[in-house]
Amino acid sequence: MSTPVNLSAAAAVPSYLDGAWCTPSGASHPVVNPADGTTLAAVTHATAADVDRAARAAHNAFLDWREVPVVERVQPLYRYKALLEKHLREVAEILTRENGKVYEDAATEVKRGVQMVEVACGMPSLMMGDSLSEVARGIDCETLRQPIGVCAGITPFNFPAMVPMWMFPFAIAAGNTFLLKPSERVPMTPTRCIELLYDAGLPENVLQLVHGGREVVEALIAHPLIKAISFVGSSPIARLVYTQAAAAGKRVQALGGAKNHLVVMPDADLPKTVDAILSSAFGAAGQRCLAGSVLVPVGEVAEPLLALLVERAAALQMGNGLTSGVTLGPVVSHDQQQRVLRYIDSGIQAGASLLLDGRPEHATQALPPSGAFVGPTIFDHVAPDAAIAREEIFGPVLSVLRATDLDHAIRIVNASEFGNTTTIYTQSGKAAREYQQRVEVGMVGVNMAVAAPMAFFPFAGWKRSFFGDLHAHGKDAVYFYTEQKVLMTRWF
Ligand code: NAD
């Protein structure tokens, strides 16, 4: 059944629709390597008619798949884990080529995806209900969890392997069938991942891969056979998908963008803190929803912290993420590069002090020609109302807002309209605990580089970083992809 996907230059990236790898009926778009501007492949977008065909096929597949015992449903996932591990280098290299992140980051992403598969393999235990006998005289009560039907996932460009795996392993292990619409900017990685899933023996149409953009998303939201939508992307689109899908009567979880604060107390371990900030702010070229993008030094730590940070950031090695020794790859596209450069200009115009200038014309390193590079950029004395202090830039740009004390730092963090993650750097348990308790943010780290919850915990953004009730992965995913039923029994 599985057709080898030829991911060499200029190859066509197929969709998997209605039991076959195929080219859907929409327009074709190039997939570009952001490190050098070369075209890697072409992807053809699906249309609303393709989505309709896929949704009907998924519904038919669901009628059989939900009858397969859960212990059998997870067997392809066990084999999938092994296949992903076997092909880790290949998948990570594809990911670096189309997304730009450095190979080590890409490999870590794939491993994080594998952990999602591992947790979903525990579905026989995770789906268990509760029971209590004699809730009344001669009456027993139990709950059970059943799959909800055809589910759809819409994913962003920045984690093309892992974010789809926040969704489909849990959904299909729970007995649902799934339509995945990955980011049209990075279609090759999810295609290879889904091909491996079918190599692992997944029955036909339990998962379909529908490439495309807005038209596909709108068709998924409107389709009556689709019962639940999982979305990850920017906040404006997350909000749109949440409101439209909820209005269409669907269960929705929509994870949005972020502006994450890193608070450094005067007693922080400076070298270790700088290591963590470099990784948080500039890892994956700042294109993580958990990237630290606002640095809040408290009191007198600002001067020594910024001196060391600027020195270390300037030494990051930029280039193609497949070249060994490179620690900072390009941003995802030339459009994204221009967007980040506009934010840097806006910071300068707003009067912030540019401590480190990442604009390509100021680069001190030789960069591959035609790449979408932006160097590490640090602004000090940023006004709290400046765009670079408030808006998600999604690039290697760090804005510094100085605080006088912990209370001031917490006020800065809580003024943000986003609430995805934050980290405090301190050696004081008292300060850390106060911070954890008072910040209005869903994922809080202490002395962490990136406080990314593992697969068995939820990915718990707050405020404009999340629209919905049940979050991605962990037990929330089990609850999201199942419907609960309560049984009461009396025998005469
Ligand atoms: P995006 O919002 O542009 O796109 C996400 C998905 O939505 C893609 O599949 C895209 O095709 C689709 N889409 C885009 N415009 C649409 C429209 N008008 N109507 C319907 N669908 C549309 O996001 P992106 O640039 O691919 O990804 C980066 C964003 O994702 C950042 O904001 C980042 O913070 C966020 N993100 C959030 C999390 C999280 O867990 N909260 C994780 C990863 C990424």
Side-chain angles (χ1 to χ4, degrees), residues 258-284 286 288-313 315-316 352-353 355-356 376-384 388-390 392 396-454 457-463 465:
K259 190 79 177 174
N260 304 312
H261 296 72
L262 308 175
V263 171
V264 183
M265 297 299 284
D267 66 351
D269 178 320
L270 227 49
K272 290 197 175 88
T273 298
V274 167
D275 281 345
I277 295 170
L278 287 171
S279 161
S280 175
F282 305 125
R288 295 185 187 127
C289 67
L290 297 184
S293 49
V294 181
L295 179 62
V296 186
V298 175
E300 71 271 20
V301 79
E303 298 305 332
L305 173 72
L306 291 175
L308 187 57
L309 183 65
V310 169
E311 181 195 325
R312 296 277 315 280
L316 290 173
S353 337
L355 299 184
L356 187 61
T377 301
I378 302 175
F379 278 107
D380 194 7
H381 299 293
V382 176
I388 59 167
R390 291 183 297 105
E392 182 177 50
V397 180
L398 186 63
S399 301
V400 180
L401 271 75
R402 297 179 180 219
T404 49
D405 54 20
L406 180 59
D407 188 65
H408 183 197
I410 291 171
R411 277 186 278 120
I412 290 173
V413 175
N414 287 349
S416 174
E417 57 184 13
F418 298 100
N420 219 31
T421 190
T422 183
T423 288
I424 184 169
Y425 300 91
T426 182
Q427 304 201 47
S428 157
K430 180 174 183 294
R433 185 173 186 282
E434 179 176 352
Y435 192 73
Q436 288 173 315
Q437 292 294 319
R438 288 181 54 199
V439 282
E440 293 159 7
V441 177
M443 293 173 274
V444 185
V446 176
N447 297 317
M448 298 289 296
V450 179
M454 301 286 286
F457 283 101
F459 201 89
W462 283 15
K463 293 160 92 176
S465 299

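Treat the numbers as computed from the prediction; the structure is a model and nothing was measured. Atom set for the values below is all heavy atoms of this structure, side chains included, hydrogens, waters and symmetry mates excluded.
When side chains are defined from C-beta on, V413 counts as touching V441, because their heavy atoms get closer than 4.5 Å. In this structure the side chain of Y425 never reaches within 4.5 angstrom of the side chain of V263, judged on heavy atoms. Within the 4.5 Å cutoff, the side chain of I424 has heavy atoms near those of the M265 side chain. Side chains of L262 and S280 form a contact here, defined as non-hydrogen atoms less than 4.5 Å apart. With a 4.5 Å cut-off on side-chain heavy atoms, L356 and T377 do not count as touching. The shortest distance between side-chain heavy atoms of V450 and R288 falls below 4.5 Å.
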Enumerate donor-acceptor pairs with a distance under 3.5 Å from any side-chain N or O in residues 289-299 to protein atoms, sequence neighbours excluded.
{"residue": "S293", "atom": "OG", "partner": "N260", "partner atom": "N", "Å": "3.4"}

Donor-acceptor contacts under 3.5 Å from residues 266-276 side chains, at least two apart:
{"residue": "D267", "atom": "OD1", "partner": "T426", "partner atom": "OG1", "Å": "2.8"}
{"residue": "D267", "atom": "OD1", "partner": "Q427", "partner atom": "N", "Å": "3.4"}
{"residue": "D267", "atom": "OD2", "partner": "T426", "partner atom": "OG1", "Å": "3.2"}
{"residue": "D267", "atom": "OD2", "partner": "Q427", "partner atom": "N", "Å": "3.3"}
{"residue": "D267", "atom": "OD2", "partner": "S428", "partner atom": "N", "Å": "3.2"}
{"residue": "D269", "atom": "OD1", "partner": "K272", "partner atom": "N", "Å": "3.2"}
{"residue": "T273", "atom": "OG1", "partner": "D269", "partner atom": "O", "Å": "2.7"}
{"residue": "D275", "atom": "OD1", "partner": "R312", "partner atom": "NH1", "Å": "2.9"}
{"residue": "D275", "atom": "OD1", "partner": "R312", "partner atom": "NH2", "Å": "2.9"}

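Note that the OG1 atom of T423 and the CD1 atom of I277 stand 10.0 Å from one another [nearest 0.5 Å]. Taking NE2 from H261 and OG1 from T421, the interatomic distance works out to 11.5 Å, rounded to the nearest 0.5 Å.
Smallest separation of non-hydrogen atoms from P376 and A313: CG-O, 3.3 Å. Between I388 and K259, the shortest heavy-atom contact is O-NZ, 3.0 Å. The shortest non-hydrogen separation linking L406 to A431 is CD2-O, 3.8 Å. In terms of heavy-atom proximity, N420 sits nearest to G461 at OD1-CA, 3.3 Å. For the pair E300 and P304, the tightest heavy-atom approach, listed with the atom from each and the gap, is O-CD, 3.4 Å. Between W462 and V439 the shortest heavy-atom distance is CZ3-O, 4.4 Å.
Annotation: side chain to side chain donor-acceptor pair (under 3.5 Å) contacts of Y435 (sequence neighbours excluded): T422. Residues passing the ring-ring contact (aromatic ring centres under 6.0 Å, His included) test with F459, sequence neighbours excluded: W166, H473.
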Verdict with supporting geometry, F379 and L355, side chain to side chain contact (heavy atoms under 4.5 Å, CB included): CA-CA 6 Å; F379 278 107; L355 299 184; over 6 Å; no
Steps toward side chain to side chain contact (heavy atoms under 4.5 Å, CB included) verdict (L316, F282): CA-CA 9 Å; L316 290 173; F282 305 125; 3.8 Å; yes
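Listed by first and then second residue, the side-chain hydrogen bond (donor to acceptor under 3.5 Å, both in side chains) pairs involving residues 396-405 are E303-R402, D380-R402, T404-H408 (not counting sequence neighbours). Legend: salt bridge (charged side-chain N to carboxylate O under 4.0 Å, His left out) pairs involving residues 438-453, not counting sequence neighbours, sorted by first then second residue: D407-R438, E434-R438, E440-K463.
Shown here is R433, whose CZ atom has no more than 12 heavy atoms of other residues, nucleotides or ligands within 6.0 Å.
A distance-only check finds no donor-acceptor pair linking the side chain of S279 to the backbone of A449 [under 3.5 Å].
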